[in-house]
Amino acid sequence: MTLLTRRGFLAAGVAASAMVQFPRIGMAEPPAIGLRAASRTLDIDGRAASVWGLAGPSGQGLILDPGTRFRVDLTNDLPEPTIIHWHGQIPPNAQDGVPDMPMPKLKPGETRSYDYAASPGTYWMHSHIPMQEMRLLAAPLIVRSASDIAADRQEVVMFLHDFAFKSPAEVMEEIAGGHAPSGHEGMDHGAMPMKQPMAGMDHAGMSGHDMSGMAAMQMDLNDYDWDAYLTNDRTLSDPEVIRVERDGRVLLRVVNAAAATVFWIDTGGVQARLVAVDGQGIQPLAGTRFGIAMAQRLDLEIELPGTGSWPILAIREGARERTGLILATAGAKVPKLSPLADQNAAAFDTDMAQEMRLIASDPLPAREVQTSRALMLGGTMQPYHWTIDDRVWGEHVPVTARSGERVEIMFHNMSMMGHPMHLHGHTFQVVEVNGRRFYGARRDTVYVPPMAMVTVALDAGEAARWMLHCHHMPHLETGMMTEFAITT
């Protein structure tokens, strides 16, 4: 989907009696944007699929112009209660979108209003009920900046999903029951050998843990074989073709909205520059292949050479399945693409080599750390059980701090699966990997590889309870979540 400036959004036509209002400022503001959580039908390789989505005035998702407040009337047209989280945005806690923290879920037919200052960048929105997100209840949330308007380039969204025809409950039952992705036994899709310790560690590293058996251990990359992998709701059997100008410039906004799949973004024969992650600017990084974990975003600047067509592909880590879209000038021949690559993709960033090359363009100011906490990420495939500090949600011990304090959180992954860890209501800066200190990117979701340690720094914001959890939906569904509790 090509992104253009869009103005004059219409208000949702709903009765005032059905609405829950948050405070609004002034009387001369434009009308709120209507957003509906609703069912929709996709064509997945010739087979109809009933999924859910978030429909704005111009289709799935929202695009806001520079300086526009996030003023949205969200209506639940689904047959069950839901609640939507504005991923990466920093609204007041009451508008964050987590069940009963503090607002309840929206009942079917209910409308709720939101109003806060939107942060510019590439974001997304999704249900904060894992089984609903697995039904594709998610959409892009793009907030354009003044520099986006000034730039002479076309903006394109690449919104990624994994999809199953089975219900989320059936998928979870298979995973919990010991479903092995195809090739698991041969370390094809499901597992890969960890041939050496992580970068920056010796065999006696990892806080005293014995690493001498590392070579015999295997990473569990994928715990489910999905029926399809989608880009903007389409597979490679019928990919979206984006018409671009000769010698055109493109800003590709990539969002990994998959429930449980890490992707490699491959720009093929055209160079790209990574200029932002999770909506936050970085010093440009050139390349043709970039990894993206669940819930993360990448902004890629691409300069197209002359005329032609350029597939932009997303390849599943540790496997051959892929999805994507095609950039093409008028009249260019559009290639037919296989949904399978010629060979398996590598595991994603096991040594954090990509992450450690990212440098924030607007780093956190240097400050003394007042609060620090280490969180142990654990779990196993059998039984299917994922924890933070050996606890699941409801038994958790919150991370605590006072508003305004500089806080560091160290994620110590003691499991053989990677975990994309997301903190609500804040951005943080990656400052240490496996004992190596550096000043990395600012993010809201950081990928913690198997048997790795990653430390992030942040300044504690609004005094409230903010969610902190793994963004692998089957892990979250089984309770891999805690909270960041801030006091005054």
Side-chain angles (χ1 to χ4, degrees), residues 1 3 6 9 12 22 32-40 51-65 68-78 81-99 101 103 105-106 110-144 157-161 230 232-233 253-259 278-280 292 294-299 420 422-427 443-445 466-467 469 471 473 476:
M1 60 185 82
L3 300 184
R6 294 177 179 142
F9 289 117
F22 287 101
I33 303 167
L35 183 67
R36 295 171 51 250
S39 300
R40 57 201 179 103
V51 300
W52 292 353
L54 290 164
S58 302
Q60 290 295 304
L62 294 176
I63 301 163
L64 302 183
D65 285 335
T68 303
R69 287 184 68 82
F70 185 89
R71 297 188 66 239
V72 168
D73 290 340
L74 171 66
T75 301
N76 181 12
D77 285 340
L78 296 170
T82 191
I83 196 162
I84 303 303
H85 170 55
W86 322 106
H87 190 112
Q89 292 285 302
I90 307 180
N93 180 262
Q95 302 184 45
D96 186 50
V98 176
M101 290 186 63
M103 298 297 291
K105 291 179 280 190
L106 277 76
E110 184 181 3
T111 298
R112 183 173 297 163
S113 297
Y114 298 81
D115 187 353
Y116 64 85
S119 301
T122 300
Y123 298 93
W124 63 303
M125 47 194 175
H126 59 82
S127 171
H128 213 276
I129 301 168
M131 304 288 262
Q132 293 184 355
E133 188 179 328
M134 291 167 70
R135 295 189 68 168
L136 277 55
L137 185 49
L141 172 55
I142 308 302
V143 183
R144 305 185 76 209
V157 163
M158 186 174 187
F159 198 71
L160 304 173
H161 274 304
L230 310 178
N232 300 344
D233 293 336
R253 300 182 183 267
V254 185
V255 181
N256 187 353
D278 294 359
Q280 309 296 314
I292 182 169
M294 294 79 83
Q296 293 183 332
R297 287 88 66 209
L298 304 176
D299 285 10
H422 172 52
L423 174 61
H424 289 218
H426 298 76
T427 60
R443 287 189 170 278
D444 55 62
T445 308
W466 299 98
M467 295 284 65
H469 62 88
H471 222 284
M473 288 299 101
L476 179 57

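Between Asp299 and Arg253, the shortest heavy-atom contact is OD2-NH1, 3.8 Å. Closest of all the heavy-atom pairs between Thr427 and Ile90 is N-CD1, 4.1 Å. The heavy-atom pair separating Ala138 from His126 by the smallest distance is CB-CB, 3.7 Å. The shortest heavy-atom contact between Arg135 and Val51 is O-CB, 3.6 Å.
Contact of the Leu35 side chain with the Ile84 side chain is not registered, since no non-hydrogen atoms from C-beta on lie closer than 4.5 Å. When side chains are defined from C-beta on, His469 counts as touching His128, because their heavy atoms get closer than 4.5 Å. The side-chain heavy atoms of Gln89 and Tyr116, taken from C-beta on, include a pair separated by under 4.5 Å. In this structure, the side chains of His85 and Met467 stay at 4.5 Å or more apart for every pair of heavy atoms. The shortest distance between side-chain heavy atoms of Phe70 and Val143 does not fall below 4.5 Å. Residues Arg297 and Asp444 are in side-chain contact: their nearest non-hydrogen atoms beyond the backbone lie under 4.5 Å apart. Residues Val98 and Ile83 fail the side-chain proximity criterion, which asks for heavy atoms closer than 4.5 Å.
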Exercise. For side chain to side chain contact (heavy atoms under 4.5 Å, CB included), just list the numbers for Ile63 and Val157, CA-CA rounded to whole Å, side-chain angles, deciding distance to a tenth of an Å, and then say yes or no.
Key: CA-CA 11 Å; Ile63 301 163; Val157 163; over 6 Å; no
Exercise. Go through the steps for Val254 and Met158 under the test side chain to side chain contact (heavy atoms under 4.5 Å, CB included), then give the verdict.
Key: CA-CA 5 Å; Val254 185; Met158 186 174 187; 4.2 Å; yes
Practice problem: Begin from the C-alpha positions of Val255 and His87 and carry the test side chain to side chain contact (heavy atoms under 4.5 Å, CB included) through to its verdict. | Solution: CA-CA 11 Å; Val255 181; His87 190 112; over 6 Å; no
Exercise. Quick one: do Asp73 and Thr111 satisfy side chain to side chain donor-acceptor pair (under 3.5 Å)? Show the steps, please.
Key: CA-CA 6 Å; Asp73 290 340; Thr111 298; over 6 Å; no
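Listed by chain and number, the residues in a side-chain hydrogen bond (donor to acceptor under 3.5 Å, both in side chains) with Gln280 are Tyr123 (sequence neighbours excluded).
Inspection of the Asn76 and Thr82 side chains reveals no N or O donor paired with an N or O acceptor under 3.5 Å.
When ring centroids are compared, Trp124 and His471 come within the 6.0 Å threshold.
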